[in-house]
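Note sheet for the following structure.
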Protein chains: 2
Amino acid sequence: MAPPSPETMTHAEAAQLLREAQDRFIASWGRMGSAWGISRTMAEVHALLYVTGEPMNTDEIMDRLAISRGNVSMSVRALLDWGVIQKTHKRGDRKDYFQAEQDVWTMLRAIARERIKREVDPLLQSLDEIRELTPDTARATPEDLAALNTRLDAVQECFELMSVLSQKFAGPTGAGLKSAAKLLAKMPTGAGKGERR
Amino acid sequence: MAPPSPETMTHAEAAQLLREAQDRFIASWGRMGSAWGISRTMAEVHALLYVTGEPMNTDEIMDRLAISRGNVSMSVRALLDWGVIQKTHKRGDRKDYFQAEQDVWTMLRAIARERIKREVDPLLQSLDEIRELTPDTARATPEDLAALNTRLDAVQECFELMSVLSQKFAGPTGAGLKSAAKLLAKMPTGAGKGERR
DNA sequence: GATTGATTTCAATATTTTCTGAAACATTCT
DNA sequence: AGAATGTTTCAGAAAATATTGAAATCAATC
């Protein structure tokens, strides 16, 4: 089980090690994906393309992950929609090849952007609609309705901020998400007046 | 369908409106939750407690959401684990009552903290293990292994940063997540050297 | 220490999500 | 136009998840 020291490693041993490491990464990424509401297989296809770095075609993906052609087709299509993989071609080969975005931060930006668009924005829209139901124009409004509106406002404010942030940092032309994150990491604990204890 | 103007609204009408608005919020929050890998019902229970603001007991929750006792028990327990609701009591009443954290940012902090702990940290641990498999000490290491390690490093760096950020801003004693977010929102587009395009 | 009321657990069931595989559809080549 | 090759779709099958409900457990009261 202990890997042979690099000096004595044969080519075959190295290949096996590579494969093992890739498989483990694929499995971890898949687990993570499914915890966050992305289908395990879709995450695995993505992991495979990312970790190998190579463009792969449908058959290669099918074989490597032991999944059906239809499943590959659907997963790959979804990944294209998310904008985290690209279609490429090889001279003299009719097959479609797929290649993952190689920069992790660009990848995360794409994911964040899509998720906000798909899940936060619809929530905001619902909140708007709900607000229309409950006019708070007059102070004659019963107390409970007013309290409700206060709560809805709080949620709305918060998710709107998220949506704005995502446009700013995760948009296709967005400023660096990476640098923003590093900036925050360096920010002294306790900065800002909103600190709690 | 159009709501009566506030001046002419009867008490009953207001109550009905309130109920309708609450139900819609609960439904939206539930949808959102399930998109993010949280069970719909658990999210709905949380939404109910948040939107009413009142402590509620098991029977009230069962009735309002039309779900079984067992389901309420399990959902409530999970929400307690997440730290987004609290157990309370009423004098002369043996039942347990549950109340949601009312500050949205505190709530989001709790959620972020838990998710990082449950899903990002295990990924980091896996990455560590995978790294142990693939020694890159020697330059004798075949090219592919080296390339793999480069990719794993990129992922690791990125998620480690996330984990650190979560401790900083989402920890129980963490600095204000809200103020950090607002800070970012105000940050001029293009700040940082990581900008693209 | 038995009764009453509340809560938790968990095997069985129901629901939702994901996956397959083969047919339909495209595209390119001869 | 027809053959060959590649891709997508989608109804049904399989797997994964969530839910119920009744029995077991726990806790307070008499």
Side-chain angles (χ1 to χ4, degrees), chain A residues 26-49 55-82 85-99 115 118-119, chain B residues 26-49 55-82 85-99 115 118-119:
Chain A
I26 292 166
S28 297
W29 197 249
R31 248 193 311 284
M32 172 103 173
S34 71
W36 288 85
I38 285 163
S39 103
R40 201 189 76 258
T41 301
M42 177 176 156
E44 286 183 350
V45 171
H46 179 233
L48 172 61
L49 294 175
M56 292 179 83
N57 64 36
T58 304
D59 293 275
E60 290 167 346
I61 299 172
M62 280 173 68
D63 292 347
R64 179 67 185 268
L65 299 180
I67 58 180
S68 73
R69 185 175 300 282
N71 202 357
V72 171
S73 174
M74 293 201 289
S75 298
V76 142
R77 140 87 71 139
L79 290 168
L80 287 168
D81 286 349
W82 280 75
I85 69 173
Q86 273 193 325
K87 222 184 248 200
T88 63
H89 288 285
K90 285 190 175 168
R91 294 236 159 283
D93 188 342
R94 286 224 230 136
K95 288 189 168 68
D96 287 346
Y97 281 73
F98 304 97
Q99 177 160 228
R115 295 210 75 146
R118 291 172 196 214
E119 292 136 16
Chain B
I26 292 166
S28 297
W29 198 247
R31 249 193 310 284
M32 171 104 174
S34 70
W36 287 85
I38 284 164
S39 106
R40 201 189 76 259
T41 300
M42 179 175 154
E44 286 183 350
V45 171
H46 179 233
L48 172 61
L49 294 175
M56 291 179 83
N57 65 37
T58 304
D59 292 274
E60 290 166 347
I61 298 172
M62 281 173 66
D63 292 348
R64 179 66 185 268
L65 298 180
I67 58 180
S68 74
R69 186 174 299 282
N71 202 356
V72 171
S73 174
M74 293 201 286
S75 298
V76 141
R77 140 87 71 136
L79 290 168
L80 287 168
D81 286 348
W82 280 75
I85 69 173
Q86 275 194 323
K87 222 184 249 200
T88 63
H89 288 285
K90 284 192 175 168
R91 295 233 160 283
D93 188 343
R94 287 223 231 135
K95 290 187 168 68
D96 287 347
Y97 281 73
F98 304 96
Q99 177 160 227
R115 295 210 76 145
R118 292 173 197 213
E119 291 137 17

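Every chain is numbered from 1, with letters handed out A, B, ... down the list of sequences.
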Q.
Could you check whether any side-chain heavy atom of B:Ile38 comes within less than 4.5 Å of a side-chain heavy atom of B:Arg115, counting everything from C-beta outward?
A. yes
Q | Pairing of A:Arg64 and A:Glu60 as salt bridge, 4.0 angstrom limit | A | no
Q: May I ask you to list the residues of residues 34-47 of chain A, by number, that have any heavy atom positioned under 4.0 Å from an atom of DNA chain D?
A: none
Q: Side-chain contact test, heavy atoms from C-beta onward, threshold under 4.5 Å: evaluate it for B:Thr58 versus B:Asp96 and give yes or no.
A: no
Q) Hey, mind stepping through B:Lys87 and B:Tyr97 against side-chain contact (heavy atoms from CB on, under 4.5 Å) and telling me if it holds? A) CA-CA 6 Å; B:Lys87 222 184 249 200; B:Tyr97 281 73; over 6 Å; no
Q: Whole angstrom is fine here: how far is it from NE2 in B:His89 over to P in D:dA27?
A: 12 Å
**Q.** Rounded distance (Å) that lies between atom P of D:dT7 and atom CE of A:Met56
**A.** 14 Å
Q. When rounded to the nearest 0.5 angstrom, what is the spacing between CZ in B:Arg69 and CE in B:Met62?
A. 4.5 Å
Q. Around A:Arg118, counting heavy atoms of other residues, nucleotides and ligands shown, do more than 12 lie under 6.0 Å from its CZ?
A. yes
**Q.** Spacing of A:Leu49 atom CG and A:Ser75 atom OG [to the nearest 0.5 Å]
**A.** 10.5 Å
Q | Annotated protein contacts, base or backbone, on nucleotides 3-14 of chain C with a non-hydrogen cut-off under 4.0 Å, one of B, S, - each | A | -BBSBBBB----
Q: Check whether any side-chain heavy atom of B:Trp82 sits under 4.5 Å from a side-chain heavy atom of B:His46, and report yes or no.
A: no
